[in-house]
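Working notes, beginning with the structure itself.
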Amino acid sequence: MNETTGVEVVSAIMAPQMPRHQDILARLNKEQAQAVSQGWGPSLIVAGAGSGKTTVLTRRVAFLIKELGQDADSIMAVTFTNKAAKEMKTRIETIIGDRTRFQWIGTFHSMCARLLRKYVEDYKTPEGWQWSKNFVIYDETDSMNVLKAEMKKLGFDDKVFPPKEIRATISALKNDGYTYNLYAAEAVAYRERKIAEIFAVYQKGLATNNAFDFDDLILVFTDLMRRNPAVRASLTRRFQHLMIDEFQDTNKSQYEFVRLLGDVFSSPEEISAGRGRSLAGLTEQEVKDQWHERSLMVVGDVDQSIYSWRKADYRIFLGFQNDFSNCNMIKLEENYRSTSTILDIANSVIRNNTERIDKELRCNRDAGAKATYYEGSDQIDEAFYVVEELKRLKARGRAYNDATILYRTNAQSRAIEEVLIRSGVPYTVVGGTKFYDRAEIKDIIAYLKLTFNPKDGQSFMRVVNQPRRGIGKTSMERLTAYADQRGCSVIEAAVEAQRIGNLSPKTMAALSQFANCVFTRWRPRSVPEQLNEETGQPMGYKDPISGLIQMILDDTGYMDMLAEEAMNSKDELAVGRMENIRELLLVAKEFEDVADTPDLETFLTRISLVSDLDNEKLEKEDNLKLMTLHSAKGLEFPVVFLMGLEEGILPHMRSLESDTAMEEERRLMYVGVTRAEDLLYITRARKRSFINRQADGSSGFSAQMLPASRFLSEITPGLLSGFFPGASGGAGGGNTRGGGYDDENQEHWGGGGSGFAKKPSREGYIDDDSSSSRSGGGYYDGGGSDKYGDNSGGGNRTGGGYGNSNGGRSGYGGGNQYGGGQRTGSGSGGYGGGQRTGSGAGGGAKPAASGAGGGASRQVYRNGQRVEGLTTGQRKEPPRTFANQHTPGQFKPSMYDNTGRPGAPAEPEFERMVVGDVVQHAKFGVGKVEQVIGEGNKELYAITFGEPGKKILDPKFAKLIKLSPEA
DNA sequence: TGAGTCCCGATTTTT
DNA sequence: TCGGGACTCA
């Protein structure tokens, strides 16, 4: 610690000429430098979009450590996402250097999970329910199952109390800071009392499984701190500096955590309960002294509060100054990110919100280009426009990495992905399909969870018959009934399966064998390597996770099961599943290499809290990122495409009725716009396919005309290039436009009645590139030379689906949706006046699938010849479709689907076999290769062994040793 | 236990 | 429309 007092240090550091601070304070403006270099005490940083918030936070940490002599382990920084945490951690460690690790950074959830691991055994509910250190974290499915089971036991009618709704209610309560007993104390109405009852049994159910749900991590930990003043005291002593990012999206439960940990004074409740430290009656100096060498910094922007549905409440942010009377407020109002045009757009929209902190974003850049608006005839048209524009930008030297596509709902990605795949643009869906949601991955994780925490009944039930062990539903019911009656966990019941009546001997044996396997084989294998304190000898395993997974795979024959399925083509996705498991093994290995504490506990916690597999190799590649507006928070991109600007999409349908909800939608729009640095595109579709429910209960697809989003009309005229609807809004086709024209595009679009508009001239587009590089290319790819529809496996399905919904799109003429009639004058509507050649060819219901369709003269396929070079770095063959979906055939490509990942981990090597080879297998003994299935790196071998008979093995897994081939 | 059938829900956003 | 879960029957 410093010899000097805090006050002196503060005044010293305020002098910017001190050379030793130069690197930390370099290139900061006055407010930023103030925020970074302020002294002790609470502070509120109002940080507008792009105002260098992350810089301030990272440098503040560095400043605390390097200049104020604080210990890195005395600082905790809370971010909103794991991704942000990771990024910030790297940046901080780079600045502080010295190989000092900055450990305590993460989301509220991960921080609390970590603390719970340490202190949970000090926690006991009034009923005596307890958890132990090796608790697991339940995802929505698991906790839903617990809830359902508990409700069933109490005989609740799930028509009256739909579990889904109850779960949502409980989650909301937890986020609002209600423990089950706190809520029970307040519940008055009948339904409230019933919910309180369910809440309690649900919580008890979680305890039985030694599990927490997401919300518990924070709620229980705050409850723990409240119930154990000693724990709280030791933690507040340890964490002297607390920083919270995205504070506007903090909910009550999280705020409680902040106050319990970060406030040196007690809450009013504590004081009225007769304990704690009050600040009443203290002089200003005395208050300051209390904060000596302590700080609490919250950073946020009310205009970016978009998580109220998760019970985030920006009023907590607004009220922060009241709660901390000696709070220092600093406003960061200088935007370094975006052009002034982009900022003006953002400001003109957000101005329509009522509840805000007054804040003026000053721009630091030039005007830049106008934002571009495009109105597609439908979502496919919209998507084609975006992709075409992307390629144009790419041709001019922008990387795909520079761009992002943002949308309101995940479902919107589908149309875009179809077009991206067709066009061969490499992309990644951020947060879309989740790696850890895949069935096979969940299975393996369940095995790991069960090994780690044998009490985990959900995991037990998930894998007990996977692969088949002859344990069916009835047996499971009897087992759980027995466990309930004995008050023990399911696995404990399984160990003594012989004692359970009415189970067949076979089932009993299978159960106890399985349970014993968990205890005697897997659990011991999960001990990480460490030195024995007495003997000094290393013990445990170097690879506690990957080794364990391998053992589980071997013991259970999980891979063999998949291999067999692949063979029988029972499950055409089985090969993909095997690849996914291999991927998981690599994730585990990598984790063992890099993690600070490479044990099962850390691995499982991380996996439970990270939804997507973050692949750094992938990040380095040039691929386009697709994400929802929510995921985009905190990120920035040179080029942003904001899609789906329609009433019902953005703002979302569910928000149309409420003013508060509408303001949140507007903030979403604001967040989207302010992600952009240089170029902003805003698009919408006049017609969108929906699934809607009829009055008679039936439902079906239907195309709906949606009016333009009100946010469009809130944008100051003149900032958008292209046509945009005026205040009256265009409800439907191009013939109902209500707005103005951009001065650079005097040309009228829209042919009128048909509802299809002629698109604006290329000239003067965005950056005055009058020599458009598009030599009159028809806008759409005819699909003729595209192999898309010929894709194997899932591809067929996709191809079919594509053709069905867009029959006419690919062929123009005779398609079922865009039949000639609608798309009139097919040759005249081309972008930039180009010809839409080949318009009449093809058509039919499935042009894409059949590979037919007119060969439109899109650039890359000019004259049917692929022009290479325009699509640098892009895959040449059609996208391989990984059969990795949990749901067969469902079209939901993800980063794993859109492969051609040059960065994909190298396939494990194996010795190639041919039919007739004699091999040795660790378990099955000697066998003979009967058949080779698949090819290349996906080869599987059908091998006949003596007693085990014929087995399908994956050579990458089964350690096969080739003996001499038989003559 | 496994195969077949029927019905329901799906589309808001995420740790 | 389509997939998954609940339910039924062999």
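In the text below, chain A, chain B and the rest are named by the order of the sequence lines, each starting its count at 1.
Salt-bridge annotation for A:Glu382 and A:Arg686: absent, with no side-chain N of the basic residue lying under 4.0 Å from a carboxylate O of the acidic one. Ion pairing of A:Asp142 with A:Lys449 is present here, as a side-chain N (NZ or NE/NH1/NH2) and a carboxylate O approach within less than 4.0 Å. One finds a salt bridge joining A:Arg710 and A:Glu647 here, because a Lys/Arg side-chain nitrogen approaches an Asp/Glu carboxylate oxygen to under 4.0 Å.
Of the candidate nucleotides B:dT11, B:dT13, B:dT15, B:dT15 has the atom nearest to the side chain of A:Arg310.
Protein atom CG of A:Leu116 is 19 Å distant from nucleotide atom P of B:dT15, rounded to whole Å. Atoms NZ (A:Lys164) and P (B:dC8) sit 15 Å apart, rounded to a whole Å.
Contact annotation: A:Lys311 side-chain N/O to B:dT13 OP1/OP2 distance is not under 4.0 Å. Regarding contacts with the backbone of B:dT13, a side-chain N or O of A:Asn410 is found under 4.0 angstrom from either OP1 or OP2. Within the structure, every side-chain polar atom (N or O) of A:Ser608 is placed at least 4.0 Å from both OP1 and OP2 of B:dT15. Taking 4.0 angstrom as the limit, A:Ser631 places a side-chain polar atom (N or O) nearer than this to OP1 or OP2 of B:dT14.
Residue contacts shown for A:Gln254 are absent, as no nucleic acid heavy atom lies under 4.0 Å away. Nucleic acid contact class of A:Tyr307 (heavy atoms, under 4.0 Å, all strands): sugar-phosphate only. As judged by a 4.0 angstrom heavy-atom cut-off over every strand, A:Lys506 is placed among residues making no nucleic acid contact.
For the atom pair A:Arg684 CZ and A:Leu650 CG, the distance stands at 12.5 Å (nearest 0.5 Å).
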